[in-house]
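All remarks here apply to the structure that follows.
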Amino acid sequence: MAGDGATKEFRITSSFEEISQLAEDVRDHCAAAGHYDGETLDSLRLSVAEALNNIVEHAYDGRIGMPIVTQVSAAPARCEVRLIDEGKPMPGGEIPDGSGSTFDPDDIENLPEGGFGWLLISAEMDDVGYERREDRNFLRLTKLLEPAARPARADDGSRAD
Amino acid sequence: MRLTHDVHGTTFVLTPLRPRFDAPFAGEFRDAVHDSLADTHTGVIVDLKHVTFIDSSGIGALVNLLKHVGRHRELVLCGLNPTVQKVFKLTRLNAVFTICPDLETAFALHRVDDLAVAV
């Protein structure tokens, strides 16, 4: 059972079936923490799924059986997911800005069929960080949550009526 | 079986059964399209009512279908739940696809008189 802010670690290998299941497992773990609503849980699941897709397809060039470590910290005000792989570094050492997924909606023949992953991650997460260390990729996805509703000025000084 | 397909008149209807429309399913979806969609089908409907999650792989498979269907036939997506709709909005692909609430509305767009839907 996850306590507030306790980190759960998942270890899988790079296959589309395993990452599909892991995205659901991460959502379930965050749901069990009891802090997030359905839409937040869906945003986390999608971002993790997209990040895992990128690791399999790009960091590992589609090779199966390679290690992926996912660490999830589900605290009330902040959810952080860290993904670690031993694949190729991110091109240019930086997260893509999502501009690869722009298109002309009237030009059907040239619509992109891929490249939406980073756009979705940056739309759904509040912060995305990438670091290359010790021949490994470290990706950090952070979702900040709304503070709980506060009582309306219960402690303020007098107000004129 | 993770999807079904039916033909109603000249409308080809694909219904994914797998709740997750992601990479493990996207290949099967593309194969079903390329194996079964015929030139005689003037319209295509994809009923996503069983889908609770879609990611960029699923979106890519649907874009691939849209290109395959071409300019002279219509593709309609229906049954999108709010989670799936959000992904279309974030990618702005909601401006590209024709999206209806349900199968009945999708058929109405194609003006198919014989509405025989296996429930």
Side-chain angles (χ1 to χ4, degrees), chain A residues 12 14-28 37-58 60 62 64 96 98-125, chain B residues 2 16-31 33-34 44 46 48 50-77 80-99:
Chain A
I12 63 165
S14 56
S15 78
F16 287 119
E17 292 286 355
E18 281 190 75
I19 65 177
S20 179
Q21 184 59 53
L22 178 55
E24 289 293 337
D25 291 345
V26 168
R27 189 189 190 284
D28 289 345
D37 64 16
E39 190 171 349
T40 301
L41 293 170
D42 288 344
S43 297
L44 289 163
R45 174 176 53 177
L46 180 61
S47 302
V48 169
E50 296 298 345
L52 290 167
N53 275 340
N54 286 329
I55 290 171
V56 174
E57 285 181 22
H58 301 298
Y60 285 133
I64 61 170
S99 62
S101 47
T102 56
F103 55 85
D104 174 359
D106 295 320
D107 186 6
I108 303 287
E109 285 92 21
N110 292 312
L111 283 176
E113 293 178 37
F116 294 107
W118 289 114
L119 179 143
L120 291 169
I121 292 170
S122 52
E124 295 279 59
M125 293 289 104
Chain B
R2 305 204 290 188
L17 302 175
R18 189 175 189 268
R20 297 180 55 80
F21 198 146
D22 57 5
F25 179 68
E28 186 174 341
F29 181 85
R30 286 182 204 234
D31 289 346
V33 168
H34 290 280
V44 182
V46 181
L48 296 170
H50 299 297
V51 175
T52 57
F53 173 81
I54 193 165
D55 67 2
S56 58
S57 310
I59 294 286
L62 290 168
V63 171
N64 177 265
L65 172 60
L66 182 63
K67 290 176 178 179
H68 188 76
V69 164
R71 288 188 169 279
H72 304 293
R73 297 189 286 186
E74 189 167 31
L75 169 64
V76 179
L77 308 182
L80 281 68
N81 78 2
T83 307
V84 173
Q85 278 180 44
K86 188 178 181 188
V87 180
F88 278 83
K89 286 182 191 151
L90 289 175
T91 56
R92 293 186 304 112
L93 287 168
N94 57 333
V96 172
F97 286 93
T98 304
I99 295 173

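Order of the sequence lines fixes the chain letters, A, B, ..., with proteins taken first and strands second; residue numbering starts at 1 for each chain.
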- salt bridge (Lys or Arg N to Asp or Glu O under 4.0 Å) contacts in which one or both residues fall within residues 50-68 of chain B, not counting sequence neighbours: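 Of all non-adjacent pairs touching residues 50-68 of chain B, those that pass salt bridge (Lys or Arg N to Asp or Glu O under 4.0 Å) are A/Glu113-B/Lys67.
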So do [Y] and [X] actually touch side chain to side chain, heavy atoms under 4.5 Å?
X: A/Ile19; Y: A/Asn53; result: yes
X: B/Leu62; Y: B/Leu66; result: no
X: B/Arg20; Y: B/Val51; result: no

- Query: When you measure from the side chain of A/Ser20 to the backbone N and O of A/Phe16, does any donor-acceptor pair fall under 3.5 Å?
  - Reply: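 Not a single qualifying donor-acceptor pair exists.
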- Using a heavy-atom cutoff of under 4.5 Å, enumerate the residues of residues 84-93 of chain B that contact chain A, numbered in order, or state 'none'.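 Counting heavy atoms that sit under 4.5 Å from chain A, the residues of residues 84-93 of chain B involved are B/Lys86, B/Val87, B/Leu90, B/Thr91, B/Arg92, B/Leu93.
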Quick one: what part of [X] sits under 4.5 Å from any heavy atom of chain B, side chain, backbone, both or neither?
X: A/Ser15; result: neither
X: A/Glu50; result: side chain
X: A/Leu111; result: both

- Partners of B/Phe25 by ring-ring contact (aromatic ring centres under 6.0 Å, His included), sequence neighbours excluded?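 For B/Phe25 the ring-ring contact (aromatic ring centres under 6.0 Å, His included) partners, ignoring immediate neighbours, are B/Phe21.
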- Message: B/Arg2: which residues meet the salt bridge (Lys or Arg N to Asp or Glu O under 4.0 Å) condition with it, sequence neighbours left out?
- Response: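 B/Arg2: salt bridge (Lys or Arg N to Asp or Glu O under 4.0 Å) contacts with B/Glu28.
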- Looking only at non-hydrogen atoms, find the nearest pair between A/Gly38 and A/Arg27 and report the distance.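 Distance-wise, the nearest heavy atoms are O-NH2, 3.5 Å.
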- Which of the residues B/Gly60, B/Ala61, B/Pro24, B/Gly70 is involved in the greatest number of heavy-atom pairs with chain A at under 4.5 angstrom?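 Of the options given, most contacts go to B/Pro24.
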- Task: Identify which of B/Thr83, B/Asn64, B/Asp22 forms the greatest number of heavy-atom pairs closer than 4.5 Å to chain A.
- Result: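 Option with the top pair count is B/Asn64.
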